[in-house]
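Letters go in sequence order (proteins before strands), and every chain restarts at 1.
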Amino acid sequence: EVQLVESGGGLVQPGGSLRLSCAASGLTLSDHYMEWVRQSPGKGLEWVGLIRKKADRDTTEYAASVKGRFTISRDDSKNSFYLQMNSLKIEDTAVYYCARDLSGGLKNYWGQGTLVTVSS
Amino acid sequence: DVVMTQSPLSLPVTLGQPASISCRSSQSLVYSNGKTYLNWFQQRPGQSPRRLIYQVSNREYGVPDRFSGSGSGTDFTLEISRVEAEDVGVYYCMQGTHWPPRTFGQGTKLEIK
(Lines give C-alpha, C1' and ligand atoms only; values in the text may rest on other atoms or scores of the structure.)
Protein backbone atom coordinates (compact mmCIF):
# COMPACT_ATOMS: atom_id res chain seq x y z
CA GLU A 1 0.00 0.00 0.00
CA VAL A 2 1.29 3.44 -0.93
CA GLN A 3 1.56 6.05 1.79
CA LEU A 4 2.79 9.62 1.68
CA VAL A 5 3.43 11.24 5.04
CA GLU A 6 4.19 14.93 5.39
CA SER A 7 5.93 16.45 8.36
CA GLY A 8 7.68 19.65 9.37
CA GLY A 9 4.79 22.07 9.59
CA GLY A 10 4.44 24.54 12.41
CA LEU A 11 4.39 28.17 13.45
CA VAL A 12 7.01 30.48 11.98
CA GLN A 13 7.46 34.24 11.94
CA PRO A 14 7.29 36.26 8.73
CA GLY A 15 10.65 36.16 7.02
CA GLY A 16 11.49 32.83 8.58
CA SER A 17 12.18 29.43 7.06
CA LEU A 18 10.73 25.97 7.33
CA ARG A 19 11.40 22.65 5.61
CA LEU A 20 8.58 20.25 4.93
CA SER A 21 9.21 16.58 4.29
CA CYS A 22 7.18 13.98 2.45
CA ALA A 23 8.19 10.41 3.15
CA ALA A 24 6.95 7.64 0.92
CA SER A 25 6.34 3.96 1.38
CA GLY A 26 5.13 1.57 -1.27
CA LEU A 27 6.58 3.54 -4.16
CA THR A 28 9.98 4.81 -5.23
CA LEU A 29 9.82 8.59 -5.41
CA SER A 30 12.62 8.91 -7.94
CA ASP A 31 10.45 7.08 -10.49
CA HIS A 32 7.69 9.68 -10.36
CA TYR A 33 6.83 13.33 -10.62
CA MET A 34 6.14 14.50 -7.09
CA GLU A 35 4.22 17.65 -6.33
CA TRP A 36 3.32 20.09 -3.56
CA VAL A 37 -0.14 21.65 -3.33
CA ARG A 38 -1.33 24.03 -0.63
CA GLN A 39 -4.67 25.14 0.73
CA SER A 40 -5.05 28.35 2.70
CA PRO A 41 -7.65 28.23 5.50
CA GLY A 42 -11.12 28.03 4.00
CA LYS A 43 -9.79 28.43 0.46
CA GLY A 44 -9.23 26.33 -2.61
CA LEU A 45 -6.26 24.32 -3.85
CA GLU A 46 -3.13 26.04 -5.14
CA TRP A 47 -0.32 24.25 -6.93
CA VAL A 48 3.09 25.04 -5.42
CA GLY A 49 5.56 23.10 -7.52
CA LEU A 50 7.01 19.75 -8.49
CA ILE A 51 10.17 17.75 -8.98
CA ARG A 52 10.43 15.54 -12.02
CA LYS A 53 11.54 11.94 -11.87
CA LYS A 54 15.19 10.96 -12.05
CA ALA A 55 14.84 9.93 -15.69
CA ASP A 56 13.81 13.53 -16.41
CA ARG A 57 16.84 14.88 -14.54
CA ASP A 58 15.11 15.81 -11.26
CA THR A 59 14.27 19.24 -12.59
CA THR A 60 11.83 21.43 -10.73
CA GLU A 61 9.02 23.86 -11.51
CA TYR A 62 7.34 26.40 -9.24
CA ALA A 63 4.33 28.63 -9.03
CA ALA A 64 5.15 32.28 -9.54
CA SER A 65 4.00 33.07 -5.99
CA VAL A 66 6.80 30.95 -4.47
CA LYS A 67 9.52 31.01 -7.12
CA GLY A 68 12.81 32.20 -5.69
CA ARG A 69 11.68 31.53 -2.12
CA PHE A 70 10.78 27.83 -2.15
CA THR A 71 12.97 24.92 -3.26
CA ILE A 72 11.93 21.33 -3.89
CA SER A 73 14.48 18.55 -3.53
CA ARG A 74 14.60 14.81 -3.05
CA ASP A 75 16.72 12.37 -1.07
CA ASP A 76 16.57 8.99 -2.78
CA SER A 77 18.36 7.25 0.11
CA LYS A 78 15.45 8.22 2.36
CA ASN A 79 12.76 7.93 -0.31
CA SER A 80 11.62 11.39 0.71
CA PHE A 81 11.22 14.75 -0.91
CA TYR A 82 11.21 18.20 0.57
CA LEU A 83 9.89 21.71 0.33
CA GLN A 84 12.35 24.27 1.67
CA MET A 85 10.45 27.46 2.33
CA ASN A 86 12.39 30.68 2.89
CA SER A 87 11.34 34.30 3.32
CA LEU A 88 7.92 33.13 4.45
CA LYS A 89 5.00 35.51 4.22
CA ILE A 90 1.72 35.58 6.08
CA GLU A 91 -0.02 34.55 2.87
CA ASP A 92 1.99 31.30 2.83
CA THR A 93 -0.14 30.10 5.73
CA ALA A 94 -1.78 26.91 4.51
CA VAL A 95 -2.03 23.18 4.74
CA TYR A 96 0.65 21.76 2.47
CA TYR A 97 0.03 18.46 0.72
CA CYS A 98 2.45 16.28 -1.17
CA ALA A 99 1.09 14.20 -4.02
CA ARG A 100 2.21 11.92 -6.78
CA ASP A 101 1.82 13.23 -10.30
CA LEU A 102 -1.44 15.16 -10.29
CA SER A 103 -2.09 14.74 -13.99
CA GLY A 104 -0.53 11.47 -15.11
CA GLY A 105 -2.13 8.16 -15.91
CA LEU A 106 -0.92 6.36 -12.79
CA LYS A 107 -2.97 6.24 -9.61
CA ASN A 108 -2.83 9.53 -7.79
CA TYR A 109 -1.80 9.62 -4.12
CA TRP A 110 -1.88 12.43 -1.56
CA GLY A 111 -0.48 12.83 1.89
CA GLN A 112 -2.52 13.90 4.90
CA GLY A 113 -1.19 17.45 4.83
CA THR A 114 0.85 19.52 7.25
CA LEU A 115 -0.15 22.95 8.52
CA VAL A 116 2.19 25.90 8.15
CA THR A 117 1.24 29.05 10.02
CA VAL A 118 3.17 32.23 9.33
CA SER A 119 2.45 34.76 12.03
CA SER A 120 4.20 37.17 14.35
CA ASP B 1 -1.65 31.05 -17.01
CA VAL B 2 -4.70 28.98 -17.87
CA VAL B 3 -7.72 30.09 -15.88
CA MET B 4 -10.16 27.37 -14.84
CA THR B 5 -13.71 28.51 -14.13
CA GLN B 6 -16.18 26.23 -12.39
CA SER B 7 -19.93 26.54 -12.06
CA PRO B 8 -21.90 26.44 -9.96
CA LEU B 9 -19.80 27.23 -6.89
CA SER B 10 -22.51 25.83 -4.61
CA LEU B 11 -24.59 22.79 -5.50
CA PRO B 12 -27.40 21.62 -3.21
CA VAL B 13 -28.63 18.21 -4.33
CA THR B 14 -31.29 15.81 -3.11
CA LEU B 15 -30.05 12.31 -2.27
CA GLY B 16 -30.47 9.98 -5.22
CA GLN B 17 -30.69 12.83 -7.72
CA PRO B 18 -28.07 13.62 -10.37
CA ALA B 19 -25.55 16.43 -10.13
CA SER B 20 -23.44 18.19 -12.72
CA ILE B 21 -20.44 20.52 -12.40
CA SER B 22 -19.05 22.55 -15.27
CA CYS B 23 -15.43 23.53 -15.75
CA ARG B 24 -14.22 25.85 -18.48
CA SER B 25 -10.63 26.66 -19.35
CA SER B 26 -9.34 29.91 -20.81
CA GLN B 27 -7.63 27.99 -23.62
CA SER B 28 -7.86 24.57 -25.18
CA LEU B 29 -6.49 21.77 -23.01
CA VAL B 30 -5.55 19.53 -25.92
CA TYR B 31 -1.84 18.78 -25.69
CA SER B 32 0.46 18.31 -28.67
CA ASN B 33 0.20 14.53 -28.25
CA GLY B 34 -3.57 14.71 -28.73
CA LYS B 35 -4.37 14.00 -25.07
CA THR B 36 -6.36 16.35 -22.86
CA TYR B 37 -5.06 16.68 -19.33
CA LEU B 38 -8.18 17.67 -17.43
CA ASN B 39 -8.59 16.17 -13.97
CA TRP B 40 -11.30 16.19 -11.32
CA PHE B 41 -10.62 16.02 -7.58
CA GLN B 42 -12.92 15.51 -4.63
CA GLN B 43 -12.19 16.83 -1.16
CA ARG B 44 -14.47 15.53 1.56
CA PRO B 45 -14.73 17.60 4.76
CA GLY B 46 -11.58 17.29 6.82
CA GLN B 47 -9.82 15.06 4.29
CA SER B 48 -7.08 15.36 1.73
CA PRO B 49 -8.15 15.73 -1.88
CA ARG B 50 -8.35 12.64 -4.04
CA ARG B 51 -8.47 12.41 -7.79
CA LEU B 52 -11.66 11.03 -9.31
CA ILE B 53 -11.09 11.50 -13.03
CA TYR B 54 -8.02 11.99 -15.21
CA GLN B 55 -7.71 12.87 -18.90
CA VAL B 56 -11.31 14.06 -19.02
CA SER B 57 -13.11 10.77 -18.60
CA ASN B 58 -10.92 8.10 -17.01
CA ARG B 59 -12.00 7.08 -13.53
CA GLU B 60 -9.36 6.41 -10.92
CA TYR B 61 -9.28 2.86 -9.63
CA GLY B 62 -11.88 2.45 -6.90
CA VAL B 63 -14.00 5.46 -7.87
CA PRO B 64 -17.68 4.51 -8.12
CA ASP B 65 -19.08 4.40 -11.63
CA ARG B 66 -21.76 6.94 -10.71
CA PHE B 67 -18.99 9.50 -11.33
CA SER B 68 -18.28 10.33 -14.96
CA GLY B 69 -16.36 12.99 -16.81
CA SER B 70 -16.86 14.37 -20.27
CA GLY B 71 -15.96 17.28 -22.49
CA SER B 72 -13.36 18.50 -24.91
CA GLY B 73 -11.31 21.55 -25.78
CA THR B 74 -12.29 24.13 -23.19
CA ASP B 75 -15.56 22.78 -21.78
CA PHE B 76 -15.74 19.90 -19.34
CA THR B 77 -18.32 18.34 -17.03
CA LEU B 78 -18.28 16.10 -13.99
CA GLU B 79 -21.52 14.22 -13.48
CA ILE B 80 -22.76 12.20 -10.56
CA SER B 81 -25.62 9.99 -11.66
CA ARG B 82 -27.19 9.53 -8.19
CA VAL B 83 -25.79 11.56 -5.31
CA GLU B 84 -25.05 9.72 -2.09
CA ALA B 85 -24.32 11.17 1.35
CA GLU B 86 -20.60 10.34 1.03
CA ASP B 87 -20.35 12.62 -2.03
CA VAL B 88 -20.61 15.76 0.12
CA GLY B 89 -17.53 17.90 -0.26
CA VAL B 90 -15.77 20.24 -2.65
CA TYR B 91 -14.96 19.30 -6.22
CA TYR B 92 -12.11 20.84 -8.20
CA CYS B 93 -11.09 20.63 -11.80
CA MET B 94 -7.40 21.01 -12.63
CA GLN B 95 -5.56 21.32 -15.91
CA GLY B 96 -2.25 19.59 -16.51
CA THR B 97 -1.74 20.58 -20.15
CA HIS B 98 -0.21 24.05 -20.03
CA TRP B 99 2.14 24.06 -17.10
CA PRO B 100 3.79 25.38 -15.09
CA PRO B 101 1.68 26.27 -13.34
CA ARG B 102 -0.94 23.59 -12.97
CA THR B 103 -4.16 25.47 -12.27
CA PHE B 104 -7.28 24.54 -10.33
CA GLY B 105 -10.83 25.78 -10.56
CA GLN B 106 -12.30 27.64 -7.59
CA GLY B 107 -14.09 24.56 -6.31
CA THR B 108 -17.76 23.56 -6.21
CA LYS B 109 -19.27 22.76 -2.84
CA LEU B 110 -21.77 19.92 -3.04
CA GLU B 111 -24.22 19.61 -0.18
CA ILE B 112 -27.32 17.58 0.47
CA LYS B 113 -30.61 19.46 0.46
| query | Picking from B:Q55, B:M94, B:K35, which has the most non-hydrogen pairs under 4.5 angstrom with chain A? | reply | B:M94
| message | Heavy-atom pairs under 4.5 Å with chain A: which of B:S48, B:P100, B:P49, B:G107 has the most? | response | B:P49
Most contacts with chain B, counted as non-hydrogen pairs under 4.5 angstrom, among [options]:
| options | answer |
| --- | --- |
| A:L50, A:L102, A:V95 | A:L102 |
| A:G111, A:A64, A:G113, A:G105 | A:G105 |
| A:Y97, A:Y62, A:Y109, A:W110 | A:W110 |

| Is it the case that B:R24 and B:T5 place a side-chain donor and acceptor less than 3.5 Å from each other? | no
| Between A:Q84 and A:R19, does any side-chain donor sit less than 3.5 Å from a side-chain acceptor? | no
| message | Which label fits A:F70 and A:Y96: parallel for a plane angle under 30°, tilted from 30 to 60°, or perpendicular past 60°? | response | tilted
So what's closer than 4.5 Å to chain A heavy atoms on [X]: side chain, backbone, both or neither?
| X | result |
| --- | --- |
| B:N58 | neither |
| B:Y92 | side chain |
| B:Q47 | backbone |

Given heavy-atom pairs under 4.5 angstrom as the criterion, report whether the side chain, backbone, both or neither of [X] touches chain B.
| X | value |
| --- | --- |
| A:V37 | side chain |
| A:L106 | backbone |
| A:E46 | backbone |

| task | Start with the C-alpha distance between A:R69 and A:D92, add both sets of side-chain angles, then the distance that settles side chain to side chain contact (heavy atoms under 4.5 Å, CB included), and finish with yes or no. | result | CA-CA 11 Å; A:R69 300 188 298 123; A:D92 294 320; 2.7 Å; yes
| query | When A:R52 is tested against each of A:D101, A:T60, A:T59 for side chain to side chain donor-acceptor pair (under 3.5 Å), which residue passes? | reply | A:T59
| said: Here's a test for you: under side-chain contact (heavy atoms from CB on, under 4.5 Å), which of A:S7, A:C98, A:S80 qualifies with A:S21? | reply: A:S7
| field | A:F81/A:W36 aromatic ring centres below 6.0 Å | value | yes
| message | Within the structure provided, determine whether B:L29 and B:H98 are in side-chain contact (heavy-atom separation under 4.5 Å). | response | yes
